[in-house]
Amino acid sequence: METDATTSPSPVPEPDASAGSRDRDRRRVTLVPGGPLLVEGPVEVVTGDGQVVLSDRFVVALCVCQRSRRHPFCDTSHRRSVRQDADNQTPGSGPG
């Protein structure tokens, strides 16, 4: 029996018709340790006070540290924060 290469099974499964637009509407969210929450856009963000903020960007960085002046969007304010124990030490003041 001969096999026709055009009729061999595809290595990538066909999308399930019952899934509908669910897969297309799915967004990837990436948690950055010590940083923002990255969300593949476009997105609609509802703030704590009910305000709706829209972004059409490809990736949106959302602030999770509450330091951003552009909240809910990240302005990298988390980078300026220094650990409290590091603030209380001066170079060469450690034991030794």
Side-chain angles (χ1 to χ4, degrees):
M1 178 175 184
E2 291 182 18
T3 59
D4 184 5
T6 59
T7 60
S8 63
S10 172
V12 178
E14 293 294 321
D16 182 6
S18 65
S21 65
R22 185 175 58 213
D23 288 335
R24 284 191 309 254
D25 293 340
R26 191 173 292 161
R27 299 286 183 240
R28 179 177 300 243
V29 177
T30 305
L31 300 171
V32 177
L37 184 71
L38 300 178
V39 182
E40 291 184 5
V43 297
E44 177 179 290
V45 179
V46 180
T47 63
D49 63 358
Q51 180 183 2
V52 176
V53 184
L54 302 174
S55 176
D56 290 331
R57 297 185 70 121
F58 180 70
V59 175
V60 178
L62 297 176
C63 176
V64 294
C65 71
Q66 303 292 319
R67 294 182 188 113
S68 176
R69 292 183 184 162
R70 296 183 52 229
H71 200 270
F73 302 106
C74 178
D75 66 1
T76 68
S77 291
H78 61 273
R79 292 182 188 168
R80 292 188 294 271
S81 66
V82 179
R83 288 189 356 215
Q84 195 66 12
D85 59 346
D87 286 342
N88 296 331
Q89 295 179 6
T90 57
S93 67

* Asked: Does V53 belong to the same Ile/Leu/Val/Met/Phe/Trp/Tyr cluster as L62, with side-chain heavy atoms less than 4.5 Å apart forming each link?
  ->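 Cluster IDs for V53 and L62 match.
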* To do: With rounding to the nearest 0.5 Å, note down the distance linking CZ in R67 to SG in C74.
  =>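 Going from CZ on R67 over to SG on C74, the span is 10.5 Å.
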Side-chain polar contacts of residues 29-48 - donor-acceptor pairs under 3.5 angstrom, sequence neighbours left out - could you list them?
{"unit_1": "T47", "atom_1": "OG1", "unit_2": "D49", "atom_2": "OD1", "d": "2.4"}
{"unit_1": "T47", "atom_1": "OG1", "unit_2": "Q51", "atom_2": "N", "d": "3.2"}
{"unit_1": "T47", "atom_1": "OG1", "unit_2": "Q51", "atom_2": "O", "d": "3.3"}

